[in-house]
Engineer: 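Attaching a single structure in structure tokens format; questions to follow.
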Amino acid sequence: MATTATTVVYEGPQSLTIRDLPIPEVAAGDLLIEVLMAGVDGSELHIINGELERANAKAPMILGDEIVGRVVQIGQRAQQLRGLQVGDVVSVESRWPCEENCRGCSGGNYFLCDNIWGPTTGRLGYGSTPLAEAPGLWGAYATHVFVPEQALVYRIPEALPLKTALYACSVLANGLRWSRESGAQAGKTVVVVGPGPQGIACVLAASRSGARVVCVGLERDAARLESARKAGAVTTVAIAQDESVSDTIARIRSEVGVVDAVIETAGAPSAKQLAFGVVGTLGIVVNVSIPSPKAQEVDWMSLLTREVTIKNAVSHPHSVGEALALAEQMLAEGLDIGDFVTHVFGLRDVEQAIRVAAYGTSETPVKVALDPTL
């Protein structure tokens, strides 16, 4: 058994360092997992760019809240309560309820916990807890992660490969929740803006609910738009480099008619404008992406006169178990969502992983992951 964990620590904007941290002994209700695969997601790209002051205030900390790993230590009480043992492969949810019964947690919305970004964080989640909070192993960009008694842990079905489990445990879980927020169902047309991993997950979820799904991206997103078609999009729209937002809106309306809902996953100012402009009267826009720091103009009169509903959905409370079950079902049907994990890097190649995930190279990833065992 190793005595130290290798970690990637976010020290501040544009600063990642490799640190070795001691591995703690676990208490009766805790466990320790060896990370087998960790996702690189969009919010982490914003953090590394220094765009989130709340994250900067918590540095140094270990990033990474999409986790698949193997149990290597487990306390007796945790073993009894969770039905787990050393060697089991699990996923750990990125957030869990606090012990203070705050407004968010008391209503079951633990992703909205008042303490996650408050003056003190406690043991509330991965990728957002300072290194100074013992034992420090609060992120998946590491060989090991500490799992406290309060954490939400899910056994990975034996049939699921690691990439499949990783995509399911967070990304697909997001897609399921955001699709529900959009009202996706038979007879509805849903536009998903952005063919990245989150957008493709929304296509998967919305199409399986019976909705007619359209996925919108840029011309350079040809490979990702093809992935969206494989995920269930009936139509994809590729925006030309010099194409105006109004022209794209007109083109989508001409091709698909009335749009009942839009799930906006891209975050660019033009993507927000597209979402608000293309949605139909009494439609719903589900806003899930972190926007560019650039100020964005919103035509509030247009939204008001069409009575458009805007929903802000942070993440995936209560959806992880459902997502893992759906991934297993789709695998049996011949669709392996693990194929959307297109690039995997070791911890010491994390900076290259970040560049690829941010489309800073010539490669066209869908989902980028880290494998600390490499």
Side-chain angles (χ1 to χ4, degrees), residues 39-47 51-52 65-66 94 111 167-168 170-184 188-209 211 213-218 220-233 235-239 245 248-249 252 259-279 283-292 294 296 308-316 319 323 337 340-342 357-359 364-368:
V40 176
D41 69 23
S43 62
E44 290 152 12
L45 304 182
H46 287 284
I47 289 172
E51 296 171 13
L52 302 184
D65 62 6
E66 299 175 4
S94 57
F111 272 80
Y167 193 88
S170 180
V171 183
L172 181 58
N174 284 341
L176 288 170
R177 196 237 169 155
W178 299 341
S179 173
R180 279 193 288 267
E181 293 292 332
S182 77
K188 300 288 187 180
T189 296
V190 177
V191 170
V192 176
V193 180
Q198 308 288 349
I200 290 172
C202 291
V203 171
L204 277 165
S207 63
R208 291 185 74 89
S209 71
V213 182
V214 179
C215 188
V216 181
L218 304 176
R220 69 187 186 198
D221 292 326
R224 290 187 284 270
L225 289 170
E226 176 60 28
S227 293
R229 284 188 286 272
K230 291 178 181 177
T235 303
T236 59
V237 175
I239 302 171
V245 173
T248 307
I249 291 171
I252 294 172
V259 174
D260 299 291
V262 180
I263 308 175
E264 201 292 284
T265 73
S270 58
K272 301 294 185 191
Q273 294 168 10
L274 174 61
F276 294 147
V278 79
V279 70
I284 297 171
V285 174
V286 183
N287 174 51
V288 304
S289 59
I290 300 173
S292 163
K294 181 180 177 181
Q296 300 179 33
V308 171
T309 297
I310 301 174
K311 294 186 175 183
N312 295 289
V314 173
S315 205
H316 54 265
S319 298
I337 60 174
F340 298 132
V341 181
T342 54
Y359 310 135
T364 55
V366 177
K367 180 66 176 175
V368 176

Engineer: Is there a donor-acceptor pair under 3.5 Å between the side chain of Trp178 and the backbone N or O of Ala313?
Structural biologist: yes
Engineer: How long is the gap from NE2 on His316 to CZ on Arg180, to the nearest 0.5 Å?
Structural biologist: 11.5 Å
Engineer: Looking at every heavy atom in both Ala173 and Ser319, which two are closest together, and how far apart are they?
Structural biologist: O-CB, 3.6 Å
Engineer: About how many Å separate OG of Ser179 and CZ of Arg208, when rounded to the nearest 0.5 Å?
Structural biologist: 11.5 Å
Engineer: Kindly compute the distance separating CD (Glu264) from OG (Ser182), expressed to the nearest 0.5 Å.
Structural biologist: 13.5 Å
Engineer: Is the shortest side-chain heavy-atom distance between Leu218 and Tyr359 below 4.5 Å?
Structural biologist: no
Engineer: List the steps and the verdict of side-chain contact (heavy atoms from CB on, under 4.5 Å) for Glu226 and Thr236.
Structural biologist: CA-CA 8 Å; Glu226 176 60 28; Thr236 59; over 6 Å; no
Engineer: I would like to know whether Tyr167 and Ile200 meet side-chain contact (heavy atoms from CB on, under 4.5 Å); could you show each step before the answer?
Structural biologist: CA-CA 11 Å; Tyr167 193 88; Ile200 290 172; 3.6 Å; yes
Engineer: Backbone N or O of Val366 within a donor-acceptor pair of the Thr342 side chain at under 3.5 Å?
Structural biologist: yes
Engineer: Please report the shortest heavy-atom distance between Val216 and Leu274, naming the atom on each side.
Structural biologist: CG1-CD2, 3.9 Å
Engineer: For residues Cys215 and Leu225, report the shortest heavy-atom separation together with the two atoms involved.
Structural biologist: O-CD2, 3.8 Å
Engineer: Locate the shortest heavy-atom distance separating Pro195 from Gly217; write the atom from each residue and the value.
Structural biologist: CD-CA, 3.8 Å
Engineer: List for me each residue that meets salt bridge (charged side-chain N to carboxylate O under 4.0 Å, His left out) alongside Glu66, sequence neighbours excluded, and say none if there are none.
Structural biologist: Lys367
Engineer: Would you say Val308 and Phe276 make side-chain contact, with heavy atoms under 4.5 Å?
Structural biologist: no
Engineer: Within a strict 4.5 Å, meaning less than it, do heavy atoms of the Ile263 and Val203 side chains meet?
Structural biologist: no
Engineer: With rounding to the nearest 0.5 angstrom, report the CD1 to NZ distance, Ile337 to Lys230.
Structural biologist: 14.5 Å
Engineer: Which atoms form the tightest heavy-atom contact between Ala206 and Val213, and what is the distance?
Structural biologist: CB-CG2, 3.7 Å
Engineer: Considering non-hydrogen atoms only, spot the tightest contact between Leu172 and Ala201 and give its length.
Structural biologist: CA-CB, 3.9 Å
Engineer: Compare all side-chain heavy atoms of Lys272 with those of Val285 and state whether any distance is below 4.5 angstrom.
Structural biologist: no
Engineer: Just so I know, are the side chains of Ile284 and Asp260 near enough to count as touching, which here means a heavy-atom distance under 4.5 Å?
Structural biologist: no
Engineer: Contact between Ser170 and Asp41 at the side-chain level, heavy atoms closer than 4.5 Å - yes or no?
Structural biologist: no
Engineer: Within the structure provided, determine whether Ser289 and Asn287 are in side-chain contact (heavy-atom separation under 4.5 Å).
Structural biologist: yes
Engineer: Quick one about Asp221 and Thr364 (side-chain donor to acceptor, distance below 3.5 Å, no hydrogens or angles considered), yes or no?
Structural biologist: no
